[in-house]
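Presented below is the structure to which this report refers.
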Amino acid sequence: MEPSDALEKLFRLTPPQRAALRRLGIHTVENLLRHFPSRYEAAGEESPIAGLVAGSEATIYGTIGNLDTRRSWKRRIPVGEAVIRDSSGSIKVMWFHQPYLAKKFSEGMFVKAVGAISGKGGKPYLANPHVEAADPVKSPLLSRPRAPYKEAEGALFAVYPESRGITSLWFRHAIERVMQSGALERLIDPLPDDVREKYSLPSLQSSLRAIHAPNTEAHAKAARKRFAFEEIFAINVARALERRQNDSLPSFCIKDGARLADTFTASLPFSLTAAQKRAIRDIVSDFARPHPMARLLEGDVGSGKTAVAAATSYAVVKSRPLGQDFGTLQVAYMAPTEILATQHFNSFIEFFRELPISIALITGSGCRKFPSKSSPGQATSISRAQLLKWVENGEIAMVVGTHALIQKTVRFKHLAYAIVDEQHRFGTAQRRALAKKESVAPHFLSMTATPIPRTLALTLYGDLDLSVLDELPPGRAVITTRIVKNTGEGRQEAYEKIRAELALGRQAYVICPRIEEPDPEKANALQAKSAKAEAKRLAADVFPKHRIGLLHGAMKPAEKDEAMARFADHELDILVATSVVEVGVNVPNATVILIEGAERFGLAQLHQLRGRVMRSSHPPYCFLLPETNGSASLARLRALEKSTDGFVLAEKDLETRGAGDLLGRRQWGMTDLGMEALQNIKLIRAAREEASALIERDPALSAHAALRRRLEEAGQFHAE
Ligand code: ADP
Ligand code: MG
C-alpha cells in the first residue's frame, strides 16, 4: 500500500461510501490519513448507546436531532421527541407532557442525557431524561472547557465528523489497516525539520498515529497543534510566494498621484477623515513604485471606502501611460453583485461630475456609459460591442462591473488599477489571471467591510499590505441597538418604533434566520422565523397598511434585483429578508432594522446587518429579538449594545464561540483545525515568521519538495 494509492482499489466500498468519500475529497490513502477526528471518546466510560438495555439508568453523550413535538397516538398527550446518536448507534428520547423540552435544543447539538431506559420487549428509548448541552472534546490547544469524559484508563477512540453514507467506525477500521500496512512510513513530512525541532512539534508519522489513535488527550493535543501549525505555515508560504511573484512584475509607475488625488478631494462636498487621508497616502505611494500594489483596505460599513477608491482612481485616470503624452491609464472596479455595480457606477458619476471622466458600467443586463454624447450630464445605454471597443482603445477610463470584467472578452488598453469590493477569494488565482492578461500588471486594491480578526487577516491576506479605515465620517447619527425580550410586550415595543419611523416616511428591514417554514408538523420544534411566513404575517396582522416585500437567497437573481430596486425606490416600506442583505446594499432612507432569532447569528454578522441602516444622517435603530430569553445568548448580544466596532466584535466571536461564527468562513477554504488555531496568536505569528524566512532562503522550494507538493495539490504553488 502506497500513500498515493486510490482507496477504491484497496477497499470494497458501497456506492454510498464511495459518494461520501468523494464529497469529503478523500481519494487516496494519504487523503484518508489526513481526515481527522472531530473528537475522542474514552473506551469503557459512559454507556455507548448501542449497548443500552431497557430497565437500566444511563448517562449518554451524543448529538441530538430529529426534534419534534406531537400528540401520542393512543392517549393524545403532548410529547416531545428527539433522537440522540453516538458513534455506536442511536436512541429515541421521549418527553411526555413536556413537549417544549424538544424546543430547547437545536439539530446537531452535542448533549449529555441522563435517564431511565424504557421500552421493555420493544426498542429501548429514554423516557423523560434530563438533557443538557455538553461540550464535545475540542482541541485542548484552544484551552476549551474539559471534556465531559473522565480521564480514560485505556486508550481513547476517535470519532470522525458525521457524514451521510459513511460511519465513524468505517474510518477507524480503514485507518487502522493503513497504519498496519506501513504506508505511513513512506509519507514525507512537509514541515521542514528545523522548523519542527524549533517548536518541538512531533513528526508527521507520530502525529498521524496520535491524532487517529491517541493514548492520552495530551498526545492528541500535540498532534492537533502540529497539524494546525502545518496548515497555517503552508498558507503563509503560499502567500509569501505570491507576494514575491507580485513584487517581480512590472507595473504602471504613477509619480504624481498625491497631487492628483488632492485635486479630486478638493472637489468633494466634505472633507476626508484622517483615516481616509492615510489610506489614500498609502495607495498613491504604492503607485509610485515600479511593481504592482497589493493592498487590502479594511473599513467598517459607512467608513467611506468608495471615496478612497474614487480619489485614487482619479489619480490613475489622469495619468498618462509611460513615455506617452496622450491617452489615459484605466481603472476596473469590481462589485460582488449587479445591484452594487450599478450603485457604484452612479456614485462614481456623482464623484466625478465636476471632473469629467468617462465611466462605463458592464453587467449581464446591459451596458451604460457616462457622459452621454448627446446629453453630457447623463448616462446612456450603449451596446456591449461598442463599449468593449471603447474600453479596448482606451477611450473609456473607468469600467465598473461584476466579475464579468475579468473575462477574456473585456480587453483594456492600459489597465493600471483594479479594485475589488467584498470579494474575499479574489486575490490569488484571479489576480494572477488579471495580471497575466495585461503585459503590465495592474495595481490591486481589495476592499472589505467584513470584520475579520487580526489572526485571520494575517493568515489569509498575508500577501497584502493593509490600510484600515478605523473612523467614521463625522455627523453620523449613532445607532441605538436594543435587545428586546421575546415576549408579546417586547415585540410590540419594537413594532411601535417601526410604525413611528414609517410614519416619518422612513423604511425598515425585518431579518429572519430562515427562508421557509420547515415541515408544519415540526414548526414548533424549530422555531426559527422564516422570511416567507413572517412577511405574510406582518402584512396580515402587524402592518396591514404598509407595503411589504420579500428578499431571500433562493430567489432568482432578477427577482432579488427587483425586490431591492423596489425597496430602494421606496415602493416598499418594509423589506423582510434573510441575511442576504448583509453585503453592501445602500438604501439611506432605511432607518430601522429588526433581527429575529438574533442569537443564531455571529456578532460580526449582526453588526454588518445593522450597518444597513447606518447609511444616512437620520438616527438609526436596531432591535435584536432572540428566540429564547436564555441569559447566555442575551449576554453575548449585549456586546452589540456596547461596541460599534466590527473588528472588536469579530474578535469577540472568535473568543466566545470559536471560528465557527466568523463571517464568510465558508469561502476561506481552511479546515476546522486551521480555523481553531486562529485563537492562538503565538502560533499564527510563528508560522508567519518561519514561512517568510523559508521563502527568503529557498524561493523555488527546491529543497522542500514535500511542502511544494502540498501547495501544488492545493493549487497554491505556481512555478515562476
Ligand atoms: P463604505 O466604506 O461602506 O463603502 P461609502 O464609501 O459607501 O462607505 O460611504 C458612505 C457614505 O459616506 C457615502 O454617502 C459617502 O459619500 C459618505 N462619505 C464618505 N466619506 C465621507 C467623509 N469624509 N465625510 C462625510 N461623508 C463621507
Ligand atoms: Mg462600499
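Order of listing sets the numbers, starting from 1, for every ligand and every atom in it. Below, each value reflects all heavy atoms present in this structure, side chains not excepted, and no hydrogens, waters or symmetry copies. Just so you know, residue 1 is the first one in the sequence shown, and it goes up from there.
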Next item on the list: Could you go through the side-chain contact (heavy atoms from CB on, under 4.5 Å) check for K532 and L550 one step at a time?
Entry: CA-CA 7 Å; K532 280 186 181 172; L550 180 64; 3.9 Å; yes
Next item on the list: Please step through side-chain contact (heavy atoms from CB on, under 4.5 Å) for the pair T459 and I684, ending with a clear verdict.
Entry: CA-CA 7 Å; T459 306; I684 300 287; 3.8 Å; yes
Notebook entry, point to check: Hey, does S446 have a side-chain heavy atom less than 4.5 Å from the side chain of L297?
Noted result: no
Margin query: Looking at non-hydrogen atoms alone, which of L472, T306, T265, V308 comes nearest to atom 4 (O) of ligand 1?
Written below: T306
Notebook entry, point to check: Among A310, S347, P473, which one has a heavy atom closest to atom 24 (N) of ligand 1?
Noted result: P473
Under 4.0 Å from a heavy atom of [X]: which atoms of ligand 1 are those, numbered in the order shown and with their elements?
| X | value |
| --- | --- |
| T273 | 23 (N) |
| L272 | 23 (N) |
| S303 | 2 (O), 8 (O) |

Checklist line | Cationic N near anionic O, under 4.0 Å, R320 to D256 | finding: no
Looking only at protein heavy atoms, which one is nearest to [atom], and how far off is it?
| atom | value |
| --- | --- |
| atom 17 (C) of ligand 1 | R476 NH2, 3.7 Å |
| atom 2 (O) of ligand 1 | K305 NZ, 2.7 Å |
| atom 8 (O) of ligand 1 | G304 N, 3.3 Å |
| atom 20 (N) of ligand 1 | Q276 NE2, 3.0 Å |
| atom 3 (O) of ligand 1 | G302 N, 2.6 Å |
| atom 16 (O) of ligand 1 | F270 CE2, 3.8 Å |
| atom 7 (O) of ligand 1 | R615 NH2, 3.1 Å |

Item checked: Ring centroid separation F370 to F352 under 6.0 Å -> no
Next item on the list: Tell me whether the centres of the aromatic rings in H443 and F252 are closer together than 6.0 Å.
Entry: no
Next item on the list: Check whether the side chains of Y417 and T312 place a donor and an acceptor atom closer than 3.5 Å, and report yes or no.
Entry: yes
Checklist line | Any donor-acceptor pair under 3.5 Å from E599 side chain to E627 backbone | finding: yes
Note to self: Taking a cutoff of less than 4.0 Å between a non-hydrogen atom of the residue and any ligand atom, is S271 in contact with ligand 1?
What the structure shows: yes
Check: Do any heavy atoms of A449 fall under 4.0 Å from ligand 1?
Finding: no
Check: Given that the side chain starts at C-beta and the backbone is N, CA, C, O, which of these parts of M447 lies under 4.0 Å from ligand 1, counting heavy atoms, or is it both or neither?
Finding: neither
Next item on the list: Indicate, as side chain, backbone, both or neither, the part of D300 found under 4.0 angstrom from ligand 1 when only non-hydrogen atoms are considered.
Entry: backbone
Check: Among Q507, E501, R612, which one satisfies side-chain hydrogen bond (donor to acceptor under 3.5 Å, both in side chains) with T591?
Finding: E501
Item checked: Closer than 4.0 Å: a protein non-hydrogen atom to atom 11 (C) of ligand 1 -> yes
Check: Any protein heavy atom lying closer than 4.0 Å to atom 14 (O) of ligand 1?
Finding: no
Next item on the list: Would you check whether G299 has a nitrogen or oxygen atom less than 3.5 angstrom from a nitrogen or oxygen atom of ligand 1?
Entry: no
Checklist line | V400/F348 under side-chain contact (heavy atoms from CB on, under 4.5 Å): CA gap, chis, key distance, verdict | finding: CA-CA 9 Å; V400 181; F348 286 122; 3.9 Å; yes
Check: E338 and T402: side chain to side chain donor-acceptor pair (under 3.5 Å), yes or no, with the steps?
Finding: CA-CA 6 Å; E338 287 198 10; T402 56; 5.6 Å; no
Next item on the list: Apply the test side-chain contact (heavy atoms from CB on, under 4.5 Å) to residues L551 and M564: give CA-CA distance (whole Å), side-chain angles for both, the deciding distance (0.1 Å), then the verdict.
Entry: CA-CA 8 Å; L551 180 72; M564 263 327 299; 3.7 Å; yes
